[in-house]
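All of these numbers come straight from a predicted model, not from anything done at the bench. Residue numbers begin at 1 in each chain, while the letters A, B, ... track the order of the sequences.
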Amino acid sequence: MKIASWNVNSLKARMEHVQAWLESAKPDVLAMQEIKMESHLFPEQAFQALGYHCLANGQKTYNGVAIIAKTPMQDVITQIPNFADEQRRVLAATIGDLRVIDLYVVNGQEVGSEKYQYKLNWLEALQRWLEDEAARYPNLVVLGDFNIAPDDRDVHDPEAWHESVLCSTAERNAYKRLLDLGLLDSYRELDDNGGVFSWWDYRQAAFRRNLGLRIDLVLISQALRGQLKAAGIDREPRKWDKPSDHAPVWVEL
DNA sequence: ATGGTTGTTGAACAA
């Protein structure tokens with residue numbers, strides 16, 4: 001079973017890329033972030049034609065997450081419980097014997113900013129929710145755009161990024177607390193090497209120069225560790241014309 | 001070099 005995550009940076013702008021990637025990679029589940037459209041505009045029929053069931057949790061202009069899956073989805077949650085938030089950033093569903101939680105973590109803009117504080121508050125609320133989800137669902141997959149590079153191996157220039165947003169100690173500690181719930185970074189389980197990234201800025205030819213960060217992650221619960229066959233980051237779509245700034249990341253269970 | 005690029009909405013914001 002192949003499960004993938006992709007920050008598409010506008011599904012309207014990226015629909016052709018997503019369709020092309022689905023036809024080549026053939027994931028059973030794809031969690032998307034930054035669909036940047038309201039739920040009723042989600043192109044459900046086009047995905048159904050490719051054999052996918054659809055769930056969308058969108059809003060106008062910004063944010064928005066969606067999950068498509070080859071089998072039906074149940075027990076859907078579209079917001080972090082007990083956390084007032086206008087922004088559409090989470091989507092959870094049960095798919096077969098898996099609980100899948102799609103996240104578009106707050107970017108945070110700059111350390112010390114209001115948006116950074118919102119990010120830390122959001123991560124704290126996420127932690128409380130995932131404690132419940134982890135207790136309820138042993139077979140848990142938490143994936144998406146985490147907007148946190150877990151450690152310096154995930155950063156092209158750790159000195160330049162030292163204590164800046166996406167790399168700060170407070171963000172990394174919040175990430176570590178998520179792992180303390182019994183979650184594993186599937187990519188790191190199978191590859192210790194640095195220099196492998198999932199996001200490259202559009203500016204300064206960052207992709208060509210591999211000036212990136214690994215901020216798109218697929219976390220799996222320890223109960224699923226024995227089923228982990230492979231994990232990867234597919235750089236190909238980042239080479240296409242008018243790409244998303246993120247690459248799809250995936251696991252095979 | 002506080003630059004640069006892209007997407008959405010209509011000059012500014014977010015990433």
Side-chain angles (χ1 to χ4, degrees), chain A residues 5-21 30-43 46 56-66 79 85-91 102-123 126 143-150 154-168 170-172 174-175 197-217 233-249:
Chain A
S5 170
W6 194 2
N7 180 324
V8 298
N9 186 18
S10 169
L11 186 56
K12 185 164 180 283
R14 218 68 60 205
M15 189 58 187
E16 287 187 16
H17 280 30
V18 174
Q19 286 174 297
W21 190 75
L30 174 62
M32 288 172 265
Q33 303 86 38
E34 285 206 272
I35 64 169
K36 295 187 173 179
M37 60 170 56
E38 291 170 288
S39 301
H40 73 274
L41 297 174
F42 189 79
N57 181 25
Q59 66 180 92
K60 200 172 162 65
T61 312
Y62 298 122
N63 311 309
V65 288
Q79 45 195 343
D85 191 1
E86 302 284 298
Q87 303 189 11
R88 304 299 211 169
R89 298 180 171 277
V90 305
L91 184 57
D102 180 12
L103 302 179
Y104 175 48
V105 175
V106 177
N107 174 288
Q109 195 170 51
E110 188 177 359
V111 172
S113 67
E114 265 184 40
K115 291 191 181 111
Y116 182 77
Q117 191 55 54
Y118 164 54
K119 181 178 196 172
L120 297 181
N121 294 345
W122 191 94
L123 287 165
L126 175 70
L143 76 176
D145 177 357
F146 281 70
N147 268 317
I148 300 171
D154 304 310
V155 181
H156 70 91
D157 185 345
E159 284 188 25
W161 283 83
H162 181 69
E163 290 300 339
S164 68
V165 76
L166 314 190
C167 299
S168 72
E171 291 164 87
R172 284 177 169 174
Y175 171 73
F197 308 126
S198 67
W199 169 83
W200 303 261
D201 200 291
Y202 283 123
R203 296 166 286 190
Q204 297 175 317
F207 179 66
R208 183 178 59 72
R209 301 158 67 202
N210 198 29
L211 307 181
L213 303 178
R214 193 176 68 92
I215 55 178
D216 300 273
L217 309 172
I233 302 175
D234 188 353
R235 297 164 51 97
E236 282 306 309
R238 189 64 178 77
K239 302 172 184 172
W240 297 346
D241 188 46
K242 294 261 179 194
S244 169
D245 45 352
H246 295 254
V249 301

When the [atom1] atoms of [N] and [M] are considered, how many whole Å apart are they?
{"N": "dG7(B)", "M": "dT2(B)", "atom1": "P", "answer": "26 Å"}
{"N": "dT6(B)", "M": "dA1(B)", "atom1": "P", "answer": "25 Å"}
{"N": "dA14(B)", "M": "dT9(B)", "atom1": "C1'", "answer": "12 Å"}
{"N": "dA12(B)", "M": "dG3(B)", "atom1": "P", "answer": "15 Å"}

query = Counting any heavy atom closer than 4.0 Å, what does Y104(A) reach on the DNA or RNA strands: base, sugar-phosphate only, or nothing?
reply = sugar-phosphate

inquiry  = Angle between ring planes, W200(A) versus F207(A), binned at 30° and 60°: parallel, tilted or perpendicular?
reply    = perpendicular

Heavy-atom pair of closest approach, residues [X] and [Y]:
{"X": "W199(A)", "Y": "W161(A)", "result": "CZ3-CH2, 4.2 Å"}
{"X": "I233(A)", "Y": "F197(A)", "result": "CG2-O, 3.4 Å"}
{"X": "K242(A)", "Y": "R14(A)", "result": "O-NH1, 2.6 Å"}

ask   = Of Q204(A) and K12(A), whose nearest nucleotide on DNA chain B comes first from the 5' end?
value = Q204(A)

request  = Would you kindly compare R203(A) and H246(A) by the position of their nearest DNA chain B nucleotide and give the one closer to the 5′ end?
outcome  = R203(A)

task = Under 4.0 Å from any heavy atom of chain A: name the first and the last nucleotide of DNA chain B that qualifies, 5' to 3'.
result = dG4(B) to dA15(B)

ask   = Taking only residues two or more places apart in sequence, or in another chain, which ones meet R214(A) in a salt bridge (Lys or Arg N to Asp or Glu O under 4.0 Å)?
value = D154(A), D185(A)

ask   = Which of these, L126(A), L143(A), D145(A), sits in a side chain to side chain contact (heavy atoms under 4.5 Å, CB included) with L103(A)?
value = L126(A)

